[in-house]
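See structure below.
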Amino acid sequence: MNTPNPSPTEQSRRPSGPLDRFFRISERGSTLGTEIRGGMATFFAMAYIVVLNPLILGTAEDVNGQTLGLPGVAAMTALVAALSCVLMGVVSRYPFAIAAGMGLNAIVAYGVAPFMPWADVFLLIVIEGVVLLILVLSGFRTAVFAAIPSGLKMAIAVGVGLFLAMIGLVNAGFVQAGEGTPVQLGDGGLNGWPILIFVIGLLISIALYVRNVRGALLIGIVATTIIAILVETLFGDGGEGLGWGLTVPTLPTGVGDLVALPDVSLLGLFLEGGPNLLERWSDVGLATILMLIFTLLLADFFDTMGTMVGVAHQGGLADEEGNIEGTREVLVADSIGTILGGLGSASVATLYAESAAGVGEGARTGIAPIITGTMFLVAAFFTPLVTLVPFEAATPVLVIVGFMMLTQITNIDFKDPAIGVGAFLAIIMMPFTYSIANGIGFGLLGYAFVMLVTGRARQVHPLLWLISVIFLIHFAEAPIYALIS
């Protein structure tokens, strides 16, 4: 009996070696070169965390008025991101990058640190990571993910896209707090070189993307960075006159500006308070400790879930119901990343929505975050080079990726009022509250409420009712805390 010859497509997707088989590169329609480009694009899109996390975490005061300082937080942010990304790539084999979470670090700095010393803060993060890991291994976290209707999962992806676009526009200064309005265009207009650089970068990236140029997003970042350096060199005044958002795009002038040994003095800071937890937390109170852990747990739990859904949909890695094969492995790696964040004093680690930048480049496997992690490891030694890329050069990619993710809105059944209301709330609340977790919370609450008032309460998965109650408690946290304190 003759066996028909495989088609060229089938041949191209046959594993070509152990690396290909393990990461399923050909099976997912990718190549090693594509994965490398994707990992680099993700790194450049999220490298700002090495600069921004120290500004948030390193300058905040704990209950004793102590600060962590910038050098140590910067080094540990890069090192924890490096380890976590490599772990994610190997364990999950998905293109998800992980690092200290924006928003989560603000909760740590301004919501937890005022109650306790920094050593206790990071102990709390370690405990939160362990609890998350237990929830994953028990199957609870995965069960919650599977219980969410597919329409709401699509809405989460769309919301993450709008959130990414919002981050890009705000970080570039294209959208700012308004005078008399919540937000406005620039400072009342599109003024200054940095915003012009952002616009040029956006146009370059769009042109490359619509013409299907390989490496479009990464090329856009590099090209815009070069233009920014030229502008700063020709017209700059040490960065002050041009008003760059965070990083001044200037070339290093010597070896000392290129290489610096990582400051690892904050590693293991959580051990400083000793092993007696009751004694360490006696001044804070058990109720406060539980509330703080609950706040971190809830934010981390759903921030990761929302990002995973959004990026997976963007890369075609989810099925029709929005489920992802190997969800447990992703969540295990994420939980261990949070533990590493506590051990290294680098805040709560979580999946990054900026992973969509790599997916936009075609990344589909765990090789991409391994590349991202490797670059973070290099960044720990070459912090000046990491800070070379200004927000204005990297953020156009986030806007384009936001557009890519927004296109999935056509898959949401808005004719179903429960799905429609829940999806609407999830989509708008992510960018409007600057929180993926908030968007998921309001989306699930809206869905559950409409199902209740339309007589379809029995069709809602019991876990969704439980999560809805938990979100209600979370959103009512302030009055609840006022009653018990």
Side-chain angles (χ1 to χ4, degrees), residues 22-24 80-81 83-101 104 108 122-148 153 156 270 275 277 289-312 317-319 321-344 346-352 355 365-366 369-370 373 436-437 440-441 444 461-471 473-474:
F22 181 79
F23 286 104
R24 302 164 67 179
V80 168
L83 289 173
S84 300
C85 284
V86 171
L87 178 72
M88 178 63 71
V90 173
V91 173
S92 76
R93 291 178 276 186
Y94 278 109
F96 303 137
I98 184 171
L104 290 170
V108 171
F122 294 117
L123 174 62
L124 203 70
I125 292 174
V126 171
I127 292 174
E128 187 248 328
V130 171
V131 173
L132 270 180
L133 184 59
I134 293 172
L135 291 177
V136 174
L137 296 177
S138 68
F140 178 79
R141 201 176 182 191
T142 307
V144 169
F145 174 74
I148 299 175
K153 290 176 182 173
I156 291 170
F270 76 101
L277 299 185
I289 292 296
L290 292 176
M291 186 64 74
L292 292 175
I293 291 178
F294 177 76
T295 300
L296 286 174
L297 191 67
L298 195 65
D300 192 9
F301 190 108
F302 284 98
D303 193 78
T304 293
M305 184 176 294
T307 301
M308 180 176 65
V309 170
V311 176
L317 299 170
D319 61 23
E321 296 299 319
N323 296 315
I324 302 168
E325 180 186 351
T327 296
R328 178 175 175 176
E329 286 75 12
V330 175
L331 298 178
V332 164
D334 171 73
S335 302
I336 296 175
T338 291
I339 296 172
L340 291 175
L343 297 177
S347 189
V348 178
T350 188
L351 262 64
Y352 258 61
S355 301
T365 79
I370 292 175
I436 293 174
I440 294 175
L444 293 181
H461 197 288
L463 276 177
L464 284 193
W465 285 118
L466 174 62
I467 298 302
S468 297
V469 171
I470 291 175
F471 267 115
I473 296 172
H474 173 63

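The model shown is predicted, which means the values in this text are computed figures rather than measured ones.
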Within the 4.5 Å heavy-atom criterion, are [X] and [Y] side-chain neighbours or not?
X: M88; Y: L351; result: yes
X: S335; Y: L137; result: no
X: Y352; Y: I98; result: no
X: T327; Y: R141; result: no
X: V144; Y: F301; result: yes
X: T365; Y: R93; result: no
X: D334; Y: D300; result: yes

Heavy-atom closest pair, residues [X] and [Y]:
X: F270; Y: G342; value: CD2-O, 4.2 Å
X: A312; Y: I324; value: CB-CD1, 3.2 Å
X: P95; Y: P369; value: CA-CD, 3.6 Å

Taking side chain to side chain contact (heavy atoms under 4.5 Å, CB included) as the test, write out the residues that go with [X], two or more places apart.
X: L83; result: L340
X: A147; result: H461, L463, L464
X: A97; result: T42, M46, C85, S355, T372

Contacts of R328 that satisfy salt bridge (charged side-chain N to carboxylate O under 4.0 Å, His left out) - sequence neighbours left out: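 Per chain and number, R328 pairs via salt bridge (charged side-chain N to carboxylate O under 4.0 Å, His left out) with no residue.
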Does D319 come within less than 4.0 Å of K153, counting only side-chain N to carboxylate O? no
List in chain and number order the residues that pass ring pair (Phe, Tyr, Trp, His ring centres under 6.0 Å) with F122, two or more places apart in sequence or in another chain; answer none if no residue qualifies. W118
According to ring pair (Phe, Tyr, Trp, His ring centres under 6.0 Å), who are the partners of F302, at least two apart in sequence or on a separate chain?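 Residues passing ring pair (Phe, Tyr, Trp, His ring centres under 6.0 Å) with F302: F471.
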Within the 3.5 Å criterion, strictly below it, is a donor on T304 or T350 matched to an acceptor on the partner's side chain?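 Side-chain D/A pair, T304 to T350: present.
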